[in-house]
Amino acid sequence: MSEGAVKKEEKPRKFQAIRGTRDLLPPETALWTRVEQTAHEVFATFGFGEIRPPVFEPTDLFARAVGGETDIVSKEMYTFVDRSEKLEPQPSIGSMDVFLEQVKRLSKSGELPQDEIDLELVEKQWKKVDGLLQGISKIEAGSTEIYTLIMLFEALRLGGDVSLRPEATASVCRAYIEHNMQQLPQPVKLYYMGPMFRRERPQKGRYRQFYQIGAEILGGPDAPAIDAELIEMLMTFFGKLGLEGTTLDINSIGHAADNCRRGYVRKLKAELEKVKDKLGADSQRRIETNPLRVLDSKLEHEQAIVEQLPRIADNLCDDCKMHYAAVKRELALRDVAYRENWRLVRGLDYYMRTTFEITARGLGSQNAVCGGGRYDGLVQLLGGPPTKGIGFAIGEDRLILSLEESGKVPAAPGPDVYIAWMGQNAYATAIRAARALRNAGLRVELPATELKFGKALERASKLGSRFALILGDNEVADGQWTLKTLRDGSQQKLTEPALLEYLLKP
Ligand code: AMP
């Protein structure tokens, strides 16, 4: 069989969106737009400005901010080497010398995150392999040496380590520091929206590319009114969208000191040790790695045990206790209904005091639509000045799912006017009419090829158009255009200005 014949039989591969990612399509995207538009409007009324950070950042930023021990950083990030553009694409054995020279130069000038040791090893190994290649008969003996060279070469870092962002708080803090925002009037109030990436097991309401809308307040005091106003903004936003069945859970996790959270964690750990045998494997491991996370447990048989554990509210220092009481007072002043949930925790040291979560209806097991909390130590941890901080992140996919479950989907709007034209004279007029109507803000459908009137009207109905504008030779000659109301089939003749006036009538 000739090569051509083989090619003919090969079917081109059909591509599909990668597992855990999906296309958002009309009409659903209209709901996404409404949600995002509402966020822009509501957040602006609270004095927030929009920030659009990049979707990839140095891996270290997330390791530092989110925590190297977390699932997110240890197994869920999409990480890759951002190969330096100053290196040749892929070195062949013949050009290895030149390539290694390039790597050496770039790592010396600091453009590659190379440490000398790796490079020296590769060079040494390359010399060995090169020597073996000179005497071709020894190639057999050299195969392990070549293998070693490949392994060493793969360990070479040919660019910076970057990751797709799994969340955006780290980026916002990085930007606050990078742009010296501490010199602006404090606090700085920022919000963002966009895709995040985590390699989680996909299920309803959980994706690998998902979308968050979040806000952060950085700098200024840690006044409880700031926490309460941020939560008020969130609830106002959900209220404007008509999100149903929301519950706001709040808690205070104190701060990392012996007379506060650290002391509590010690006490918790001691109690957990006593009941270790009755816990599942995950919780057993967490006694060592992150005892607070045991409180998160959803396992049926662990619930009764968790209920008996010491509670953080009874172990807060006086300052944190007062702060928590004041946050609750401030929420009440704003008519924000909340539920105290002592099991709501965050695992990282710089999270402190206020934490909150909002759940909504119709989402099954993945029912958290928003999580947030205070993180006064984070900016400093990323190399900035001591700075107070608090923020939240809403899962937009879940928010949309919940709105859809409760029937809050805007109907997909059909065209306002479908222009049924016949004849070349009418076509020129139709183009002009379409432009005038669109300029006036109407949705107009202009068929690209000539259709018989009957066919055109059929299409107009199928698209759900409100009106059909009929333009034939007669209409163009008389300057009297025919407008058909598709709902009742009635027709009227109108001049161009009268038509515009009629269609723009509220
Ligand atoms: P987090 O950044 O983990 O605090 O999450 C904040 C919110 O983002 C959660 O309450 C969810 O609504 C949403 N979220 C987190 N991970 C995912 C995911 N993989 N898919 C969809 N939504 C998510």
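Values in this document were obtained by computation on a predicted structure and should not be read as measured data. Order of appearance sets the numbers: ligands from 1, and atoms from 1 within every ligand. We count residues from 1, following the sequence as given.
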Polar-atom distance check: E200 versus ligand 1, any N or O pair below 3.5 Å? yes
Subset of ligand 1 atoms that lie under 4.0 Å from at least one heavy atom of G205: 20 (N), 21 (C), 22 (N)
Is the ring pair F43/F48 parallel, tilted or perpendicular, if the boundaries are 30 and 60 degrees? tilted
Using the test ring pair (Phe, Tyr, Trp, His ring centres under 6.0 Å), find all partners of H40 that sit at least two apart in sequence or belong to another chain. Y191
Checking side chain to side chain donor-acceptor pair (under 3.5 Å) against Y324, which of E340, R353, R329 comes through? E340
Is I72 close to ligand 1, meaning an N/O of one under 3.5 Å from an N/O of the other? no
Would D397 and W32 count as a side chain to side chain contact (heavy atoms under 4.5 Å, CB included) here? Give the steps. CA-CA 9 Å; D397 309 72; W32 285 76; 3.6 Å; yes
Min heavy-atom dist E167 to ligand 1 below 4.0 Å: no
Distance-only donor-acceptor hits, side chain of residues 244-263, under 3.5 Å, sequence neighbours excluded:
unit_1	atom_1	unit_2	atom_2	d
E244	OE2	K408	NZ	2.8
D249	OD1	R339	NE	2.9
D249	OD1	R339	NH2	3.2
D249	OD2	R339	NH2	3.1
D249	OD2	N341	ND2	2.9
N251	ND2	W342	O	3.2
N251	ND2	L344	O	2.8
S252	OG	G254	N	3.4
R261	NH1	I253	O	2.9
R261	NH1	G254	O	3.4
R261	NH1	Y351	O	2.9
R261	NH2	D349	O	2.8
R261	NH2	Y351	O	3.2
R262	NH2	A256	O	3.0

Just to confirm my output: which protein heavy-atom neighbour is closest to atom 8 (O) of ligand 1, and how far is it? Q212 NE2, 3.0 Å
Under 4.0 Å, heavy atoms only, figure out whether ligand 1 is touched by the backbone of R198, its side chain, both or neither. side chain
Shortest protein heavy-atom distance from atom 9 (C) of ligand 1, along with the residue and atom involved: A368 O, 4.0 Å
